[in-house]
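Here's the structure we're looking at; comments come further down.
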Amino acid sequence: MEEKKLMDLIDELMTKLRSTESARPRGRWVEAPKSQSSPPKKPRRSKTAYQLKISLSGFRPPIWRRVLVPGHATFDQLHLVIQEAMGWEQAHLYEFQFGEIVIGIPDDWGLHGFAKTLEDARRTTLEQWLTEEKQKFVYIYDFGDYWRHNITVEKIETLSKPLERATCLKGKRACPPEDCGGVYGYLELLESAANKDSLTDPELLEQLEWLSDMKGDDFDPDAFDVEEANKRLAYIQF
């Protein structure tokens, strides 16, 4: 008998707890209650597609890629597209620049772009900012080496159905290795590689060994494989 009363009391307490759960404040560490009536809405999928040309600043001949991306992609997703199409390794921070407007990840804004207007790259779509052909903006990757990419909107197309994956259409030349010292560091590496048979400087020889470890013994700075770029892009879904 006592056991039955105890179980009844537990059931009563659990019922009261569930009835007050929805009234709890949704603080940082409180999970919001899940809706039982309807599934969460999916983001609107756009039939707009953007053809973008991405050029890495500071190089002649140029290092560039041409990609096709959906209009409903966020700038954080565009960051991933650039990383895979170029051949970067997603190892550093980034931001997009539209004049005084910066689009990036809010957690990083305490250190970068503090004097500018800020937008969250995870919530801001391409359609919100890319409004006309020939429009230009900038993508910065790695605030140490400071790889500046100049991006041009070459075409804005309306497709019969939303684009599900990004595509690399064309490109030229290989991506530099991460953490090589930016444009000037990479150019110095290429110069050393071109004269490696006559090098005697231990530091330069060590740099070439590092380049080989990063990119392989057969690294060709003039090579680009569009099929390989599209294999890397295949995992990004919109």
Side-chain angles (χ1 to χ4, degrees), residues 28 43-60 62-158 162-163 166-169 171-173 175-176 178-187 233 236 238:
R28 181 174 180 180
R44 185 182 68 85
R45 294 168 60 78
S46 170
K47 293 181 180 180
T48 301
Y50 293 95
Q51 180 177 302
L52 307 176
K53 185 174 182 180
I54 305 154
S55 300
L56 190 54
S57 180
F59 293 101
R60 289 289 182 272
I63 301 172
W64 61 273
R65 307 287 185 262
R66 177 172 287 121
V67 299
L68 190 66
V69 292
H72 57 269
T74 65
F75 278 89
D76 191 51
Q77 290 173 319
L78 179 58
H79 155 69
L80 296 178
V81 169
I82 296 171
Q83 289 285 300
E84 301 300 351
M86 289 296 300
W88 296 118
E89 299 177 8
Q90 301 182 38
H92 299 280
L93 305 179
Y94 74 91
E95 68 181 26
F96 293 90
Q97 298 177 353
F98 288 78
E100 291 299 307
I101 308 295
V102 170
I103 301 176
I105 302 300
D107 288 348
D108 305 325
W109 289 342
L111 296 176
H112 306 286
F114 56 87
K116 301 178 181 180
T117 303
L118 311 171
E119 299 285 344
D120 190 336
R122 297 165 297 187
R123 300 177 180 274
T124 308
T125 65
L126 304 191
E127 274 190 322
Q128 292 175 262
W129 284 91
L130 306 186
T131 58
E132 58 185 3
E133 295 180 354
K134 298 184 180 180
Q135 184 178 357
K136 299 179 186 293
F137 59 106
V138 172
Y139 167 75
I140 303 296
Y141 173 62
D142 184 353
F143 297 117
D145 282 1
Y146 207 78
W147 299 107
R148 178 188 174 97
H149 305 68
N150 298 314
I151 304 178
T152 301
V153 180
E154 291 187 321
K155 293 181 181 179
I156 302 177
E157 302 178 279
T158 302
L163 196 65
T167 304
C168 184
L169 304 173
K172 291 291 184 181
R173 304 188 74 207
C175 184
E178 299 270 0
D179 304 315
C180 67
V183 173
Y184 297 109
Y186 182 51
L187 292 176
L233 286 168
I236 306 172
F238 302 92

So, the side chain of [X] versus the backbone of [Y]: is there a donor-acceptor pair under 3.5 Å, distance only?
| X | Y | value |
| --- | --- | --- |
| D142 | D179 | no |
| D145 | W147 | no |
| Q135 | W129 | yes |
| R65 | K172 | yes |
| E133 | I156 | yes |

As an exercise, state the distance from [atom1] of [X] to [atom2] of [Y], rounded to the nearest 0.5 Å.
| X | Y | atom1 | atom2 | answer |
| --- | --- | --- | --- | --- |
| L93 | I105 | CG | CD1 | 9.0 Å |
| L187 | F59 | CG | CZ | 5.0 Å |
| K136 | Q97 | NZ | CD | 15.5 Å |
| T125 | L130 | OG1 | CG | 8.5 Å |
| L56 | M86 | CG | CE | 4.5 Å |
| Y50 | T152 | OH | OG1 | 14.5 Å |

Taking side-chain hydrogen bond (donor to acceptor under 3.5 Å, both in side chains) as the definition, give me every residue that meets it alongside [X], ordered by chain and number, with sequence neighbours left out.
| X | answer |
| --- | --- |
| Y139 | H79, Q83 |
| E154 | Q51, R66 |
| H149 | W88 |

Handout entry: Mutual orientation of the aromatic rings belonging to F96 and F75 [parallel < 30°, tilted 30-60°, perpendicular > 60°]
Key = perpendicular
Practice task
May I ask you to decide if the ring planes of H72 and F238 are parallel, tilted or perpendicular, using 30° and 60° as cut-offs?
Solution key: perpendicular
Exercise for the section: Decide if the gap between the ring center of H92 and the ring center of F143 is smaller than 6.0 angstrom. Expected result: no
Completion exercise
side-chain contact (heavy atoms from CB on, under 4.5 Å) filter on N150, not counting sequence neighbours, yields S57, V138, R148
Practice task
Using the test salt bridge (charged side-chain N to carboxylate O under 4.0 Å, His left out), find all partners of E127 that sit at least two apart in sequence or belong to another chain.
Solution key: R44
Exercise for the section: Output, in order, the C-alpha distance, side-chain angles, deciding distance and verdict of side-chain contact (heavy atoms from CB on, under 4.5 Å) for I151 and I82. Expected result: CA-CA 10 Å; I151 304 178; I82 296 171; 3.8 Å; yes
May I ask you to test the [X]-[Y] pair for a side-chain heavy-atom distance under 4.5 Å?
| X | Y | answer |
| --- | --- | --- |
| V67 | L169 | no |
| Y146 | V183 | no |
| P62 | R60 | yes |

Minimal non-hydrogen separation, [X] against [Y], with atom names:
| X | Y | value |
| --- | --- | --- |
| C175 | G87 | SG-C, 3.8 Å |
| A121 | T74 | O-CB, 3.4 Å |
| P70 | L126 | O-CD1, 3.7 Å |

Fill in the blank from the handout: Here the salt bridge (Lys or Arg N to Asp or Glu O under 4.0 Å) pairs for residues 67-87, sequence neighbours left out, are E84-R232
Exercise for the section: Show the numbers, then the answer: is there a side-chain contact (heavy atoms from CB on, under 4.5 Å) between T167 and L233? Expected result: CA-CA 7 Å; T167 304; L233 286 168; 5.8 Å; no
